[in-house]
Amino acid sequence: MIRVRFAPSPTGYLHIGGLRTALYNYLFAKQNDGHLILRIEDTDRTRLVDGAIDNLISTLSWSGIEFDEGPHKEGDYGPYTQSERLDIYHKHTIKLIKSGNAYPCFYPKDRLEAIKSKNISSEIVAEYDTRFRDLDIDESIEKMKYENHIVRLKIPSKGSISISDTIRGSIEFDLSLIQDQIILKSDGFPTYHLASVIDDHLMNITHVIRGEEWVASLPKHALLYQAFEWEMPTFVHLPLLLNKDKSKLSKRQGDVAVEDYKLKGFVKDALINYVALLGWHGSDNKEIYDFDELIHSFSIERIKSSGAIFDVKKLIWFNQQYIKNSDSEALLNLINQMVPTEWNLKIEMIDLLKDSVETLNDFKDQLNSFFVYSPIKISADNHLFSDTIYNFLNLLKEALSKQDDINANIFKDLINNIKKEHAISGNIWKPIRIALTGTEHGPDISCYASILGSKTCVNRIQLFLDLNVD
RNA sequence: GGCCCGUUCGUCUAGUGGUUAGGACCCAGGGUUUUCAUCUCUGUAACAGGAGUUCGAUUCUCCUACGGGCUACCA
């Protein structure tokens, strides 16, 4: 069975790049009837953020990505949080030391402090540590019980290793260039390399799908697999998501948290669709994929090898498409959660607006004029308004007050009749809009007025005239 | 600096040993519309460079350039 994992560290929010990694893992698992595992990589105790795990899970869940196993979902391979697996890492570390593939380096307190305070380069420290490389194994293990130590992986000083990546093919590394990697820190926690290799193996992970930033560590991981005499999973390194300047997508140059986009009124389907297409594309020109189509169409073979710039403009376009094609009822439910409870949203309002908004937040802005009105003071030099227009508005008000029920067509007829009867010409539609809504632009004013209802229209025109006509 | 990865319109991308190199976003212009938007039509715009292989390379190989990632007791 295909088993893949998404393995974030709980350092805060869910990164857009993380969302894509999770998504690709999810799609791959789903289309193969496999399992997607959530594993929390919290081995850096200095970077833990409270609530990050819950946040991660709920954000992922909002996007439609659910896990088959994880800290929040029981499975046969737990625990799924690395800080709860310390004894496993320790046992395996001892195994590595015993087989001669790793060695502890001892750090008397003063040396530890010296290293920390003097800012010595890691190369120099590693160089110094090679003196521990060939210490007696049993003695070293005994010494670990009462002395400060770290453990390093013993990397062959010569030779090369070639590792296969599904997207990039075979990659060769010169081992002499790699320093003995620390796999167990002085606080007793493993580093990423050790923990992820052990967990991927123990959790029966078949495909490691992760970001390209990990390819440089590939030889270390491969060596670890060799040392344990374990079979390697298939590696799939995803191209990076980039800023406008082509550097790795990061905060600082815009929003990178999934939550930011949610807050800005992006719908999850649009985000997912857009992000899926950053690095993957089908063989045709299709761009709009719903979640099921994505599951069926996605393939690792068609993942690109080059990085992709995250372009909000295209995301906005996707968002527009999804909103306008959404069921109005569903939209209404979403929007209801965003607006003041006293706003009595009607489905007609959503129908009227959904073709033209870019984000859910635009709804909020545009809906506002249905519920909040204050007349605009027209300046004397505004050529849109004249006595004729004010008079016209007055007539319209009269006409509307005789109508209990209006619809868009009645509203239009009313206006055209008044125009004809009183021989009024010129642009009357814009003044009507301004009087009725307080804004210059917006959706079809006849529809707008009919949703507002004749009574409210009358009130608003009255307020407008009160303010602008002596 | 070293190692590794990458390079088709501004962006996301399709594509092939012979194509007018296709689509989408963006941008510009036209049309529709009582406004804005929507919608619609049209347009601008790309194979990083150099060698080689070949009758023929955007496509295959090598080199260069450029970009990026990594180079932590971070992941």
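Residue numbers start from 1 in every chain, and the chains themselves are labelled A, B, ... in the order their sequence lines are given, proteins ahead of strands. All values reported here derive from a predicted model rather than from experimental measurement.
Among pairs with a residue in residues 294-318 of chain A, those fulfilling salt bridge (charged side-chain N to carboxylate O under 4.0 Å, His left out) read A/Glu287-A/Lys314, at least two apart in sequence or across chains.
Across all strands shown, A/Glu287 has heavy atoms under 4.0 Å from base atoms, whether or not it also approaches the sugar-phosphate. Within the 4.0 angstrom heavy-atom criterion, only backbone atoms of the sugar-phosphate kind lie near A/Arg302; the bases stay farther away. At the heavy-atom level, A/Pro239 lies nowhere under 4.0 Å from the strands shown. If you check every strand for non-hydrogen atoms under 4.0 Å, A/Glu358 touches nothing. Residue contacts shown for A/Thr43 are limited to sugar-phosphate atoms, with no base heavy atom under 4.0 Å away. Across all strands, A/Thr11 comes closer than 4.0 Å to no nucleic acid atom at all (heavy-atom distances). Counting any heavy atom pair closer than 4.0 Å across all strands shown, A/Ile150 reaches a base atom. Counting any heavy atom pair closer than 4.0 Å across all strands shown, A/Ser9 reaches sugar-phosphate atoms only and no base atom. If you check every strand for non-hydrogen atoms under 4.0 Å, A/Ile445 touches a base. At a threshold of 4.0 angstrom between heavy atoms, the contacts of A/Arg168 are confined to the sugar-phosphate backbone, with no base atom among them. Within the nucleic acid shown, A/Gly282 comes within 4.0 Å of sugar-phosphate atoms alone, with no base atom in reach, counting heavy atoms only. Among the atoms of the strands shown, none is found under 4.0 Å from any heavy atom of A/Asp165.
For B/U35 and B/G30, the P atoms lie 15 Å apart once the distance is rounded to whole Å. Comparing the same atom, C1', in B/U59 and in B/G52 gives a spacing of 15 Å after rounding to whole Å.
Between A/Phe298 and A/Tyr24, the ring-plane angle classifies as tilted under the 30° and 60° cut-offs.
A/Arg460 forms no cation-pi arrangement with A/Phe464, by the criterion of a distance under 6.0 Å to the ring centre and an angle within 45° of the ring axis. Under the 6.0 Å distance and 45° angle rule, A/Lys346 does not count as a cation-pi partner of A/Phe370.
Here the closest non-hydrogen pair linking A/Asp180 and A/Ile155 is OD1-N, 3.0 Å.
Take the nearest nucleotide of RNA chain B for A/Asn285 and for A/Lys324: the residue whose nucleotide is more 5' is A/Asn285.
Using N1 to N3 plus N6-O4 or O6-N4 for Watson-Crick, or N1-O2 and O6-N3 for G-U wobble, each under 3.5 Å, B/G67 pairs with B/C5. Remark: B/A75 base-pairs with no nucleotide; criterion is Watson-Crick or G-U wobble with both hydrogen-bond distances under 3.5 Å. In this structure B/U16 sits in no base pair that meets the Watson-Crick or G-U test at under 3.5 Å. B/U61 and B/A51 make up a base pair, with Watson-Crick or G-U wobble contacts both under 3.5 Å.
Screening A/His237, A/His193, A/His201 against A/His221 for a ring pair (Phe, Tyr, Trp, His ring centres under 6.0 Å) leaves a single residue, A/His193.
Along RNA chain B, the stretch of nucleotides lying under 4.0 Å from any heavy atom of chain A spans, 5' to 3', B/C3 to B/A75.
Counting heavy atoms from C-beta outward, A/Val312 and A/Tyr261 have side chains that approach closer than 4.5 Å.
A/Ser247 and A/Asp245 are linked by a side-chain donor-acceptor pair at a separation below 3.5 angstrom, with hydrogens and angles left out of the test.
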